[in-house]
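Written out below as structure tokens is the structure these notes cover.
Any value given below was found using the heavy atoms of this structure, including those in side chains, with hydrogens, waters and symmetry copies removed. In what follows, chains are A, B, ... by sequence order, proteins preceding strands, each numbered from 1.
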2 protein chains.
Amino acid sequence: MDVSVKGEYALRAVFELSRHGRPEPVKIARIAERQKIPQKFLEMILAQLKQGGYLGSRRGVDGGYFLARPPDQITVGDILRQIDGPFQPAKRPFADEPTDSPFPEMWDRVERALSCVIDRTTFADLVERWRQRRVKGVPNWQI
Amino acid sequence: MDVSVKGEYALRAVFELSRHGRPEPVKIARIAERQKIPQKFLEMILAQLKQGGYLGSRRGVDGGYFLARPPDQITVGDILRQIDGPFQPAKRPFADEPTDSPFPEMWDRVERALSCVIDRTTFADLVERWRQRRVKGVPNWQI
DNA sequence: CCGAATCCCTACTAGTTTACTAGGGATTCA
DNA sequence: TGAATCCCTAGTAAACTAGTAGGGATTCGG
């Protein structure tokens, strides 16, 4: 019932790219350094995110990775599911479980509750909140 | 980001005891059979739930396990945390993470959303819903 | 065309966790 | 006493986690 380190790394990498904003590619080495992620491990993660359609890349001297869509169209849930697989509270319905078990319905509720957070939080949101936070003192007009 | 089989077994076992209701102990063998759980595995699970204070037991010929408190005072979250450990989305805050990371706040939201379901669903609720469901046709006076 | 920089791809691995199984010991009670 | 039950320790095959290693394929400036 937790998120893998790999998943957390993926989130941090996409956050880094979102924060960067501009369309120029960012090098793996730079992301690894800024987010303190082992570089070779990060390579695999970014490849996985690319093949999920969330990132693009370019090789060569000015190469790197970049977002394949704007940050307000990538959610935390997207990335987590791409890396850690679909969230299945229990391989519902348990193969040999009587069909009147009360649990599948509860797992649905859990999934919906979770979805309300992770599928509604975009990286644009995260960057914005992070920017607000940087202005120490937390202004009043914050929601 | 899923629940272990062990956790699911624990829920089913406690549900079985809640459904049974009466204060007489239920034998491991019976729970294992009714909920299709490997018996020796279930023994470990029940021991863990007992040492968490959720179950009591009696040995000997008419022995078995029973709830240590009424089912409306045991939540799904209690059992899950006792078996699978505390829910920590990411070992927050990541040791080497800059303190202005946007993620800890998001994990808090996830945790609260989850808590709204698992810490508010008692086994009395589960049994009641399950009873309602058994009456095929699902009556109108249901919430 | 060269070669440096970068992404890309496959394979390997130590350590941990998961989902069990095995074998018996301690209690209870008729 | 002995049968039924819970109790306790240990072991274990398979999968998963969090990486590491080593090089191949592209790109691009010169």
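Across the protein-nucleic acid pair, B/Met44 atom CE and C/dC20 atom C1' stand 8 Å apart, rounded to whole Å. Spacing between atom NZ of A/Lys6 and atom C1' of C/dT16 amounts to 16 Å, rounded to whole angstrom units. Going from atom NZ of A/Lys36 over to atom P of D/dG19 covers 15 Å, rounded to whole Å. Note: CD (B/Gln39) to C1' (C/dG23) measures 14 Å, nearest angstrom. Across the protein-nucleic acid pair, B/Asp62 atom CG and D/dA3 atom C1' stand 12 Å apart, rounded to whole Å. The CD1 atom of A/Ile83 sits 12 Å away from the P atom of D/dT17 (whole-angstrom rounding). Nucleotide C/dA26 holds its P atom 18 Å from the CD1 atom of B/Ile28, rounded to whole Å. One atom, CG of B/Leu42, and another, C1' of C/dT18, lie 16 Å apart when rounded to the nearest Å.
By the salt bridge (charged side-chain N to carboxylate O under 4.0 Å, His left out) test, A/Asp119 pairs with A/Arg81, sequence neighbours left out. Partners of A/Lys27 according to the side-chain hydrogen bond (donor to acceptor under 3.5 Å, both in side chains) rule, which considers only residues two or more places apart in sequence or in another chain, do not exist here. Applying the salt bridge (charged side-chain N to carboxylate O under 4.0 Å, His left out) test to A/Arg19 and every residue at least two apart in sequence or in another chain returns A/Glu16. For A/Asp84, the side-chain contact (heavy atoms from CB on, under 4.5 Å) partners at least two apart in sequence or on another chain are A/Val3, A/Ser4. Judged as a salt bridge (charged side-chain N to carboxylate O under 4.0 Å, His left out), and not counting sequence neighbours, B/Arg30 has no contacts.
No donor-acceptor contact under 3.5 Å links the side chain of A/Glu43 to the base of C/dC7.
Using a 4.0 Å cut-off on heavy atoms, the residues of residues 45-60 of chain B that approach DNA chain D are B/Lys50, B/Ser57, B/Arg58, B/Arg59, B/Gly60, listed by number.
In this structure, A/Lys40 reaches the bases: a heavy-atom distance under 4.0 Å links it to at least one base atom across the strands shown. Across all strands shown, B/Lys27 has heavy atoms under 4.0 Å from sugar-phosphate atoms exclusively, and none from any base.
Side-chain contact between B/Phe15 and B/Gln35 is present, with at least one heavy-atom pair separated by less than 4.5 Å.
For the pair A/Tyr9 and D/dG19, the criterion of a side-chain N or O lying under 4.0 Å from OP1 or OP2 is met.
Checking C/dC20, C/dC29, D/dC6 against every side-chain atom of B/Pro38, the shortest atom distance belongs to C/dC20. Side-chain proximity of B/Tyr65 to C/dC29, D/dC7, D/dA18: nearest is D/dC7.
In terms of modelled atom types and a separation under 3.5 Å, the side chain of B/Arg59 and the main chain of B/Gly63 share no donor-acceptor contact.
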